[in-house]
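Inspection log for the structure reproduced underneath, given as structure tokens.
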Amino acid sequence: MDTRITRPSPSDREVDWNKTKVLLSKTDTKGTILYANEAFIDVSGYDEFELIGQPHNVIRHPDMPKVIFKFLWDSIKANQNIHAIIKNMSKTGRYYWVITDFKIISDSDGEIVGYFGTRKSVPDDIIIKFIEPLYKKLLHIEEASGIHASEEYLIGFLEERNKSYMEYVDHLVATGKDDKNKVKKGFFNGFFEKKDVKKK
């Protein structure tokens with residue numbers, strides 16, 4: 001029997017959900033959903049039986065650049081917990097933004113057996129001012145030149161801010177600011193600074 005879920009068409013309307021709720025899910029190493037809490041199920045719009053056993057990308061929104069998931073999986077494969085800001089899509093096609101913290105689940109031998117995701121809402125102004133413009137640019141680059149070009153752009157974007165992706169997300173959530181001009185000065189910066197020349 002074919003148990004695949006038919007993907008909805010994306011809508012430009014947001015899911016109306018209680019943003020104080022925490023959305024939880026557990027997956028195996030292949031990303032198959034093993035558990036989802038009631039809040040996760042409610043926001044997704046799916047019934048529990050429709051979600052369990054499905055790949056987690058069943059809720060992936062087409063507006064999400066692939067490079068963000070590459071960053072996620074690269075970190076997870078390196079045995080590093082990570083969090084990211086992600087746009088998801090419900091069964092109705094409506095969207096919802098969350099910051100997701102991924103924790104690695106290991107067995108007694110230290111082998112990775114799955115992942116636990118904890119999701120919370122993200123302030124609208126952070127999405128509108130910073131995340132949406134960045135993700136749209138990454139997506140356009142991917143469509144034109146592929147994921148490698150998108151990754152190189154994101155690396156440069158983060159280097160300009162002297163932050164990792166996680167540090168950038170943390171800074172946005174904590175301050176509501178990008179602060180891209182507040183980059184630590186390297187060795188060569190001093191050569192390009194204007195200095196007052198004292199007249200004798």
Side-chain angles (χ1 to χ4, degrees), residues 10 12-27 31 33 36-45 56-57 59-90 94-105 115-142 147 150-185:
D12 61 359
R13 297 179 65 184
E14 184 179 9
V15 173
D16 183 15
W17 63 293
N18 183 347
K19 293 185 178 181
T20 65
K21 296 286 187 181
V22 178
L23 318 182
L24 306 175
S25 68
K26 179 182 177 182
T27 67
I33 300 173
N37 73 342
E38 186 176 349
F40 182 104
I41 294 167
D42 287 346
V43 176
S44 76
H56 210 287
N57 62 15
I59 59 169
R60 181 179 297 184
H61 199 287
D63 285 352
M64 278 298 299
K66 293 177 182 176
V67 69
I68 299 300
F69 295 105
K70 183 180 185 301
F71 267 46
L72 281 172
W73 282 109
D74 285 350
S75 296
I76 287 172
K77 287 176 182 177
N79 210 26
Q80 298 171 346
N81 295 326
I82 187 172
H83 46 264
I85 294 178
I86 296 175
K87 185 178 187 178
N88 288 328
M89 183 167 64
S90 71
R94 293 189 181 192
Y95 68 88
Y96 57 103
W97 285 96
V98 289
I99 181 166
T100 304
D101 182 64
F102 293 94
K103 290 278 193 310
I104 295 168
I105 304 170
Y115 311 103
F116 197 84
T118 304
R119 298 162 188 81
K120 297 180 180 180
S121 66
V122 186
D124 290 341
D125 58 335
I126 290 175
I127 298 299
I128 294 168
K129 289 180 183 178
F130 308 115
I131 296 300
E132 269 191 326
L134 172 61
Y135 284 12
K136 283 180 180 178
K137 187 169 290 187
L138 292 172
L139 195 61
H140 290 157
I141 293 171
E142 285 178 12
I147 190 170
S150 178
E151 184 176 14
E152 289 300 317
Y153 177 85
L154 181 56
I155 289 170
F157 176 91
L158 295 170
E159 284 177 343
E160 183 182 5
R161 290 151 179 80
N162 200 47
K163 289 179 173 62
S164 68
Y165 173 78
M166 277 211 306
E167 288 170 342
Y168 178 65
V169 167
D170 288 343
H171 183 76
L172 286 181
V173 172
T175 68
K177 297 178 182 179
D178 187 324
D179 289 348
K180 71 176 181 178
N181 295 321
K182 294 182 179 179
V183 180
K184 292 180 181 178
K185 295 180 181 178

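All residue numbers refer to positions in the sequence shown, counting from 1.
At least one side-chain heavy atom of Ile68 sits less than 4.5 Å from a side-chain heavy atom of Leu154. You'll find the side chain of Ser121 stays beyond 4.5 Å of the side chain of Tyr96, heavy atoms only. Using a 4.5 Å heavy-atom threshold, the side chains of His83 and Asp170 count as touching. The shortest side-chain heavy-atom distance between Lys120 and Val173 does not fall under the 4.5 Å cut-off.
Distance check, rounded to the nearest 0.5 Å: CZ of Arg94 to CD of Glu14 gives 9.5 Å. Rounded to the nearest 0.5 Å, atoms CZ (Phe116) and CD1 (Ile104) are 14.5 Å apart. To the nearest 0.5 angstrom, Asp74 atom CG is 13.5 Å from Phe69 atom CZ. Atom-to-atom distance recorded for Ile126:CD1 and Ile99:CD1 is 8.0 Å, nearest 0.5 angstrom. Atoms CG and OG1, on Leu23 and Thr100 in that order, are 8.0 Å from each other to the nearest 0.5 Å. The distance from atom CZ of Phe71 to atom CD of Glu151, rounded to the nearest 0.5 Å, is 5.5 Å.
The two residues Glu132 and Lys87 make their nearest non-hydrogen contact at OE2-NZ, 4.3 Å. Looking at every heavy atom in both residues, Phe130 comes nearest to Gly176 through CE1-O, 3.3 Å. The minimum heavy-atom distance linking Pro62 with Leu139 is given by the pair O-CD2, 3.8 Å. The two residues Asn81 and Met166 come nearest to each other via the heavy atoms O-CE, 3.8 Å. For the residue pair Ile141 and Ser150, the shortest heavy atom distance occurs at CG2-N, 3.5 Å. The two residues Val22 and Thr118 come nearest to each other via the heavy atoms CG1-CG2, 3.4 Å.
Within 6.0 Å of CD on Glu38 lie no more than 12 heavy atoms contributed by other residues, nucleotides or ligands. At most 12 heavy atoms of other shown residues, nucleotides or ligands fall within 6.0 angstrom of atom CG in Asp16.
Between Glu142 and Lys70, none of the side-chain N atoms (NZ, or NE/NH1/NH2) sits under 4.0 Å from a carboxylate O, so this pair counts as no salt bridge.
Listed for the Asn18 side chain is no donor-acceptor partner under 3.5 Å among the backbone atoms of Ala39. Remark: the backbone N or O of Lys136 is not paired with any side-chain donor or acceptor of Asp63 at under 3.5 angstrom.
In this pair, Trp97 and Tyr135 present their aromatic rings tilted. The plane angle is within the 30 to 60° band.
In this structure, Lys163 fails the cation-pi test against Tyr168, since its NZ or CZ atom is not both closer than 6.0 Å to the six-membered ring centre and inside 45 degrees of the ring normal. For the pair Arg161 and Phe157, the cation sits on the ring face: its NZ or CZ lies under 6.0 Å from the ring centre, inside 45° of the axis.
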Please determine whether side chain to side chain contact (heavy atoms under 4.5 Å, CB included) holds for the pair Tyr115 and Leu72, giving the CA-CA distance in whole Å, both sets of side-chain angles, and the decisive distance to 0.1 Å. CA-CA 12 Å; Tyr115 311 103; Leu72 281 172; over 6 Å; no
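No option in Asp101, Ile86, Val98, Val43 other than Val98 meets the side-chain contact (heavy atoms from CB on, under 4.5 Å) test with Arg119.
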